Amino acid sequence: MHVGQSETLTVHPVPGRHPVHGHAKQLHLDPLGFVRSLREHGDLVRIFIGPRPAEVVTTPELVRKLLVAYGRDFDKGALGDELCRHLGEGLVTSAGRFHIEQRRLMQPAFRAPCVAGYSRVMSAHSEEVAHRWQPGQILDLERELAQLTLDILMEIVFGPHPPSELVDAVGRWLSACQEAMKLALSAREAWRRLLPWSRFPRSSNPHAAVLRDILTRTIEQQRRDPTDNLLSTLLAARGSKTGEGMSDESLHDELRTLFVAGTGTLSAALAWTVHAMITHPEVARKVYAEVDTVIGSGSVTVEHVSQLVYTTQVIKEVLRRHSVWILMRRAMEPVQVKGITVAKGRELYYSPHALHHDPELYPEPEEFRPDRWTPEFEGALPRCAYVPFGVGNRICLGESFAWTELLIVIATIATRWRFELEPGHEVRTRIGTVDRPQNLVVVPTLREDRGVRC
Ligand code: HEM
């Protein structure tokens with residue numbers, strides 16, 4: 001692949017490389033600060049994970065020119081390798097022709113009419129949780145929201161009342177998948193992979209076999225006694241050229257992929273939104289005012305979603321401040337752009353978090369300012385400057401699912417509760433694939449101003 005470009009790119013080395021760790025220590029000790037600092041070294045910079053070099057793209061323009069234009073020439077690199085052990089060849093980890101075909105088979109389950117159907121599940125579960133909380137109760141909000149997003153996804157995929165052994169098995173399996181990002185950026189792992197015995201399999205997720213067994217039975221049950229849910233849409237999907245459906249192996253991989261992709265990202269964004277409302281009372285006031293006008297006294301439905309204009313701005317700002325901090329690619333073919341060649345096998349990263357904190361794109365990037373999201377501001381942003389859901393051929397399949405759920409959950413909670421932080425718990429940022437608030441311990445108070453009673 002080659003595009004003729006007049007201007008030539010230079011790859012700038014990032015200072016501070018340790019002979020053994022490379023830049024892995026910086027990536028572990030202060031990942032967000034480190035990725036943000038890369039822009040000052042150039043548009044395209046070289047870091048090392050132990051002995052393994054990787055180029056990092058730091059401008060929206062280059063993200064577009066390299067990762068959107070040549071998206072199909074890349075796979076997911078070290079993070080993909082780590083995730084593969086848990087997810088097999090699901091949409092997040094697969095590449096090439098197979099990824100294109102699987103994405104076509106998965107797409108129907110994420111189209112607008114399906115998401116509109118899922119919104120009823122989102123609303124019912126949010127109401128159930130909002131009615132279960134008690135005034136003055138001490139809540140670990142991150143945990144509550146993690147369970148809520150899991151329960152919503154389970155019902156959307158498997159229909160009402162999925163077996164509790166299935167929900168529990170998914171929950172246990174999910175917590176064992178959390179090390180993937182750490183391993184992908186570990187110098188020790190990078191050195192290990194250079195050694196011949198690295199091909200020995202590493203210990204696997206201890207909950208994988210149990211989950212596999214329950215999933216097999218659930219899929220068989222769905223085949224025997226079809227009900228209308230996301231799984232039935234996947235079972236019915238046929239390739240337009242082949243007329244073939246998904247193999248059982250792929251179905252398992254795609255379901256496990258959805259469990260990972262469709263829970264932690266959402267619960268982190270929801271938790272940060274509530275945190276932002278607690279720490280910015282003027283933002284909360286406007287959200288409550290909007291919810292009172294738009295929702296009135298009934299339940300939140302999909303029709304309300306597009307009317308929640310200010311709440312959307314708040315969540316946009318949350319996703320700017322707390323997005324995936326690094327995404328990885330690896331060239332499957334040599335890619336030549338602007339006079340440089342990304343050799344086959346070479347890794348290329350970009351950081352939505354760093355792009356979202358570039359002061360040239362977002363004035364005062366550390367400020368939480370939902371008001372910045374005017375149509376004029378968005379219109380003037382360069383393409384690929386706001387990428388919480390990724391870019392190009394690997395853009396999040398669940399984006400509209402996610403927006404619907406984020407707005408429905410926040411609006412439902414806001415019709416009933418205000419929150420305060422419980423003293424003595426310092427909210428910290430825990431970093432995995434996305435950053436999430438740890439110790440978000442809160443106390444809810446009923447919205448008596450709205451006439452809400454227990
Ligand atoms: C706030 C919520 C979410 C965020 C911030 C988010 C973010 C992302 C990002 C950044 C990617 C691209 C990864 C890469 O380029 O390597 C991605 C991919 C993906 N997401 Fe999401 N996501 C969210 C919710 C969801 C939900 C709810 C689902 C499904 C129920 C989902 C399913 C997927 C899938 C299947 C992919 C892989 C797409 C492909 O490579 O073809 N995501 N997501």
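Treat the numbers as computed from the prediction; the structure is a model and nothing was measured. What's counted below: heavy atoms across the whole structure, side chains too, no hydrogens, waters or symmetry copies. In each ligand, atom 1 is the first atom listed, and ligand 1 is the first ligand listed.
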Query raised in the report: When Ser299 is tested against each of Glu127, His304, Arg120 for side chain to side chain donor-acceptor pair (under 3.5 Å), which residue passes?
Result: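 So the option named by the test is Glu127.
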What's the shortest distance from [atom] to any protein heavy atom, and which residue and atom give it?
{"atom": "atom 12 (C) of ligand 1", "answer": "Arg394 O, 3.4 Å"}
{"atom": "atom 37 (C) of ligand 1", "answer": "Val92 CG2, 3.6 Å"}
{"atom": "atom 38 (C) of ligand 1", "answer": "Arg103 NH1, 3.3 Å"}
{"atom": "atom 30 (C) of ligand 1", "answer": "Phe110 CE2, 3.7 Å"}
{"atom": "atom 13 (C) of ligand 1", "answer": "Leu327 CD2, 3.8 Å"}
{"atom": "atom 5 (C) of ligand 1", "answer": "Pro388 O, 3.6 Å"}

Query raised in the report: Short N/O distance, under 3.5 Å, between Arg329 and ligand 1?
Result: yes
Determine all donor-acceptor pairs shorter than 3.5 Å in which one atom belongs to a side chain in residues 268-278; sequence neighbours excluded.
unit_1, atom_1, unit_2, atom_2, d
Trp272, NE1, His322, ND1, 3.4
Trp272, NE1, Asp435, O, 2.9
Thr273, OG1, Ala269, O, 2.7

Query raised in the report: Can you tell me if His99 and Arg72 form a side-chain donor-acceptor pair at under 3.5 Å?
Result: no
Query raised in the report: Gln147 and Asp151: side-chain donor and acceptor closer than 3.5 Å?
Result: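 A pair is found: one side chain offers a donor N or O, the other an acceptor, under 3.5 Å apart.
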Query - Shortest non-hydrogen separation from Val337 to Leu9 and the atoms involved - result: O-CD1, 4.2 Å
Query raised in the report: Which ligand 1 atoms are under 4.0 Å away from a heavy-atom of His99?
Result: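 This gives 39 (C), 40 (O), 41 (O) as the contact atoms.
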**Report entry** Ligand-residue contact atoms, ligand 1 with Val324, heavy atoms, under 4.0 Å
**Finding:** 10 (C)
**Report entry** From Ile152 atom CD1 to His125 atom NE2, the distance as rounded to the nearest 0.5 Å
**Finding:** 6.5 Å
Query - Verdict with reasoning, Ser250 to Ser247, per side chain to side chain donor-acceptor pair (under 3.5 Å) - result: CA-CA 5 Å; Ser250 294; Ser247 70; 3.1 Å; yes
Query raised in the report: Using a heavy-atom cut-off of under 4.0 Å, does the side chain or the backbone of Lys76 touch ligand 1, or both, or neither?
Result: side chain
Query raised in the report: Backbone, side chain, both or neither: what part of Ile395 comes under 4.0 angstrom of ligand 1, heavy atoms only?
Result: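 It is the backbone that gets close, since no side chain atom is under 4.0 Å.
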Query raised in the report: Which word best sums up how the rings of Trp173 and His86 line up, parallel for under 30°, tilted for 30 to 60°, or perpendicular for over 60°?
Result: perpendicular
Query raised in the report: Is the Phe158 ring parallel, tilted or perpendicular to the Phe259 ring (thresholds 30°, 60°)?
Result: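 Because their plane-to-plane angle lies in the 30° to 60° range, the rings of Phe158 and Phe259 count as tilted.
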Query - SB check Arg321 Glu366 (cutoff 4.0 Å) - result: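 The answer is yes: the pair qualifies as a salt bridge.
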Requested in this report: Evaluate the side chain to side chain donor-acceptor pair (under 3.5 Å) criterion for residues Glu317 and Trp373: first the C-alpha distance (whole Å), next the side-chain angles of each, then the deciding distance (0.1 Å), finally the verdict.
Outcome: CA-CA 8 Å; Glu317 185 69 347; Trp373 290 102; 2.9 Å; yes
Query raised in the report: Taking atom 21 (Fe) of ligand 1 as the center, what protein N, O or S atoms are found at less than 2.8 Å?
Result: Cys396 SG
